[in-house]
Amino acid sequence: MTDLALRESTEIQGDVLAGFKKDHVQLLFLKFDDATRARTWLRRLKPRIATTRQVAAFNAAFSAARRNTGGDDPKALNAVWRSVSFTHGGIRTLTGKDPFPKTTEGTTEHAFKQGSAMRAGMLGDTGDNSPENWLFGDSNA
């Protein structure tokens, strides 16, 4: 049996280990120019961010209810989950310092620091999908 102790975590966001597993998702892309206002926003958002424990418990209840209804989605069980992710630049703005001051080429930390626009060619984002055609994320918006 696999140890699922981390599924009880209240320190890890729910989408990381338990997974939101929802039919719909809504993404909000923000750019912060004022670190103080960004930290205030995050402080207010923090209590509403789903934890792994919350999402894992819901997923287990949903799966059990689904089994009991012959595979249909249970109408009485629904949830709205919130999660938050940051770019390297976003973390730098929030903290006022580089979160990875020294990175080694080829590591995930180095890729994160480079960002998606710089790595676009390597990721296949070329032609119509190249950064100059992006609505956000190209550092020019």
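Each residue takes its place number in the sequence, starting with 1.
Every residue two or more places apart in sequence or in another chain that forms a side chain to side chain contact (heavy atoms under 4.5 Å, CB included) with Asp34 is listed here: Thr36, Arg37. Every residue two or more places apart in sequence or in another chain that forms a side-chain hydrogen bond (donor to acceptor under 3.5 Å, both in side chains) with Thr51 is listed here: Gln54. Here Thr103 pairs with His110 under the side-chain hydrogen bond (donor to acceptor under 3.5 Å, both in side chains) rule; sequence neighbours left out. Here Ala61 pairs with Leu77 under the side chain to side chain contact (heavy atoms under 4.5 Å, CB included) rule; sequence neighbours left out.
Asn133 places a side-chain N or O within 3.5 Å of a backbone atom of Gly127 that can act as its donor or acceptor partner. A donor-acceptor pair is defined here as one N or O able to donate and one able to accept, closer than 3.5 Å; such a pair exists between the side chain of Ser9 and the backbone of Ile12.
For residues 56-66, the pairs satisfying side-chain hydrogen bond (donor to acceptor under 3.5 Å, both in side chains) are Arg66-Asp73, with sequence neighbours left out. Counting only residues at least two apart or in different chains, salt bridge (Lys or Arg N to Asp or Glu O under 4.0 Å) contacts with residues 39-55 comprise Glu8-Arg53. Sorted by first and then second residue, the pairs that involve residues 77-87 and meet side-chain hydrogen bond (donor to acceptor under 3.5 Å, both in side chains), not counting sequence neighbours, are Gln13-Ser83. Annotation: salt bridge (Lys or Arg N to Asp or Glu O under 4.0 Å) contacts involving residues 96-117, sequence neighbours excluded, comprise Asp98-Lys113. Applying the ring-ring contact (aromatic ring centres under 6.0 Å, His included) test to residues at least two apart or on different chains, none of the pairs has a partner in residues 113-132. Sorted by first and then second residue, the salt bridge (Lys or Arg N to Asp or Glu O under 4.0 Å) pairs involving residues 122-131 (not counting sequence neighbours) form an empty list.
Residues Phe20 and Gly14 come closest through the heavy atom pair CE2-C, 3.7 Å. Taking all atoms of both residues into account, the shortest heavy-atom contact from Met118 to Gln114 is CB-O, 3.5 Å. Taking every heavy atom of both residues into account, Ala56 and Ala18 meet most closely at N-CB, 3.6 Å.
Taking Ile, Leu, Val, Met, Phe, Trp and Tyr as members and joining any whose side-chain heavy atoms lie under 4.5 Å apart, directly or through other members, Leu123 forms no hydrophobic cluster with any other residue. Its side chain within the 4.5 Å cluster rule, Leu28 clusters with Leu30, Phe32, Trp41, Leu42, Leu45, Ile49, Val84, Phe86, Ile91, Leu94, Phe100, Phe112 among the Ile, Leu, Val, Met, Phe, Trp and Tyr residues.
The line from CG of Leu17 to OG1 of Thr52 is 4.5 Å long, rounded to the nearest 0.5 Å.
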